[in-house]
Amino acid sequence: MARSFVIKVPASSANIGPGYDVLGVALSLYLELEVTIDPSNDSITNTDPNNCRITYSEDSEGYDSVPLASDSNLITRTALYVLRCSNVRRFPSGTTVHIKNPIPLGRGLGSSGAAVVAGVMLGNEVGQLDLSKQRMLDFCLMIERHPDNITAAMMGSFCGSFLRDLTAQEVERREIPLAEVLPEPSGGEDTGLMPPLPPVDIGQHVKYNWNPKIKCIAIIPQFELSTADSRSVLPKAYTTQDLVFNLQRLAVLTNALTLDPPDAKLIYPAMQDRVHQPYRKILIPGLTDILQSVTPATHKGLMGICLSGAGPTILALATENFDDIAQEIINRFTKNNVQCEWKLLDVAQGGATVEQL
């Protein structure tokens, strides 16, 4: 019998000022998969060795460049990993996946994290594996080792997260992924066909409250910046002074964003950072000027401002005056010959979802 469902996964912003590799917030911009499994339509999928036909909406990000082969596309490749961990070799006959993706690629809004979460949920749903969200999170973290984006996208809301240390027994199979975006197998033990199950509860997280009066303005420059390139400029070691600076602000920020009314005098300084933003200015023209010049004193309603994830997107938190704040940041980027668009987003409380049709 044919069945259809829709998977929705929110974008996310990581770091949130001092919370480098710790904080993540889910945003109301959704990657969507429209999935149909109809064995009577196997003729349209039998050209794919894994029984899956992928299509993209023409207005989706990456429409002209994202691979459509099921063993190359990040979403379906992730789903195959999940299925094969349960000894299911391929998708059910007649599986079609139509993808709508408004999340900009390589801009610091969690596009790869959303794809990995969508892929794990796809594998769980087509295989009818009945995995909990916490267990699906383990599969996600075997593929992309950034719990801040992954946790926010899967669980929703505003999260703090970390990865626990794995035991020697848990990593005894050499080919266990443990790296970003499903690298090619290195263990020589046929990882692709018989991958090991992920350890249990790899990632730990907590959800913080978020005052709904605070909206997220995402100012998105029109150039990509890979996480690898953005991480390459960071130092290998930090001073105690800089680490304490971030830890102090992190402790305050997670509570400050819950308070009502929102207090810009508390939130804005608590979003300062000395761990990643100062080093990434060489990759993002105008970053220092923007972070220092756009303040609550100059723009009513602004609560705080930071780099979103690895960048180059700027995330501004505000309660009003959204257009003026966005235009000011866009104008400063324009002075550096960088064109931008902007989106006003809410916090996506529910995280990733599946709706049966």
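Heavy atoms only: backbone and side chains are in, while hydrogens, waters and symmetry mates are out.
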Residue pairs involving residues 19-45 (criterion ring pair (Phe, Tyr, Trp, His ring centres under 6.0 Å); sequence neighbours excluded): Y20-H276
Atom pairs and distances, donor-acceptor, side-chain atoms in residues 202-209, under 3.5 Å, two or more places apart:
unit_1, atom_1, unit_2, atom_2, d
Q204, NE2, D201, O, 3.1
K207, NZ, M155, O, 2.8

Spatial distance of atom CG (N101) from atom CG (L31) [nearest 0.5 Å]: 5.0 Å
Side-chain heavy-atom pair L109, S308 within 4.5 angstrom cut-off: yes
pair I150-V116: side-chain heavy atoms closer than 4.5 Å: yes
Close side-chain approach of I16 and L253, heavy atoms under 4.5 Å: yes
Partner set under side chain to side chain donor-acceptor pair (under 3.5 Å) for E328, not counting sequence neighbours: R332
Side-chain donor-acceptor pairs under 3.5 Å in residues 50-59, sequence neighbours left out?
unit_1, atom_1, unit_2, atom_2, d
N50, OD1, R84, NH2, 3.0
N50, ND2, S70, OG, 3.0
N51, ND2, F91, O, 3.0
T55, OG1, H98, ND1, 2.7
Y56, OH, N73, ND2, 3.4
S57, OG, H98, NE2, 2.9

Residue list, side chain to side chain donor-acceptor pair (under 3.5 Å) with T36, at least two apart or on another chain: S4
Minimum side-chain heavy-atom gap P198-R135 below 4.5 Å: yes
Heavy-atom side-chain proximity of L131 to V120 below 4.5 angstrom: no
Test salt bridge (Lys or Arg N to Asp or Glu O under 4.0 Å) applied to K100 and E34, step by step: CA-CA 8 Å; K100 300 178 181 179; E34 297 176 354; 2.9 Å; yes
side-chain hydrogen bond (donor to acceptor under 3.5 Å, both in side chains) contacts touching residues 309-325 (sequence neighbours left out): none
S112 side chain to E144 side chain, donor-acceptor N/O pair below 3.5 angstrom: yes
Of all pairs that satisfy side-chain hydrogen bond (donor to acceptor under 3.5 Å, both in side chains), the ones with a partner from residues 114-133, not counting sequence neighbours: E125-Q356
Nearest non-hydrogen partners of I284 and G311, listed with the distance: CD1-CA, 4.2 Å
T298 side-chain N/O to V294 backbone N/O, donor-acceptor pair under 3.5 Å: no
Set of residues satisfying side chain to side chain donor-acceptor pair (under 3.5 Å) with respect to R3, sequence neighbours excluded: none
Sub-4.5 Å side-chain heavy-atom contact between P312 and F223: yes
Minimum heavy-atom distance T95-V35, with the two atoms named: CG2-CG1, 4.4 Å
Contact check, side chains of I314 and I217, non-hydrogen atoms, under 4.5 Å: no
Side chain proximity check, I103 to E61, heavy atoms < 4.5 angstrom: no
Closest heavy-atom pair and its distance - G301, I325: C-CD1, 4.4 Å
Euclidean distance, C306 SG relative to L317 CG, rounded to 0.5 Å: 6.0 Å
Test side chain to side chain donor-acceptor pair (under 3.5 Å) applied to S65 - qualifying residues, sequence neighbours left out: none
Partner residues of S226 under the side-chain contact (heavy atoms from CB on, under 4.5 Å) criterion, sequence neighbours left out: A228, D229
Where A26 and A152 come nearest, the two heavy atoms and their spacing: CB-O, 3.3 Å
Same apolar cluster (I L V M F W Y, side chains within < 4.5 Å links), Y279/L250: no
Can I get a per-line list of side-chain donor-acceptor pairs under 3.5 Å for residues 343-351, giving both atom names and the distance, sequence neighbours left out?
unit_1, atom_1, unit_2, atom_2, d
D346, OD1, K215, NZ, 2.8
Q349, OE1, S157, OG, 3.1

Shortest non-hydrogen separation from A310 to R280 and the atoms involved: CA-NH1, 3.7 Å
Same cluster (ILVMFWY, side-chain, under 4.5 Å), L315 and I329: no
Flag, side chain of S293 to backbone of I290, donor-acceptor distance under 3.5 Å: no
For the student: nearest non-hydrogen atoms of D138 and V200, plus distance: OD2-CA, 3.5 Å
List the atom pairs, donor and acceptor, that lie under 3.5 Å between side-chain atoms in residues 236-248 and the rest of the protein, sequence neighbours left out.
unit_1, atom_1, unit_2, atom_2, d
Y238, OH, V275, O, 2.8
T239, OG1, D242, N, 3.1
N246, OD1, R274, N, 2.9
N246, ND2, P18, O, 3.2
N246, ND2, D273, OD1, 2.8

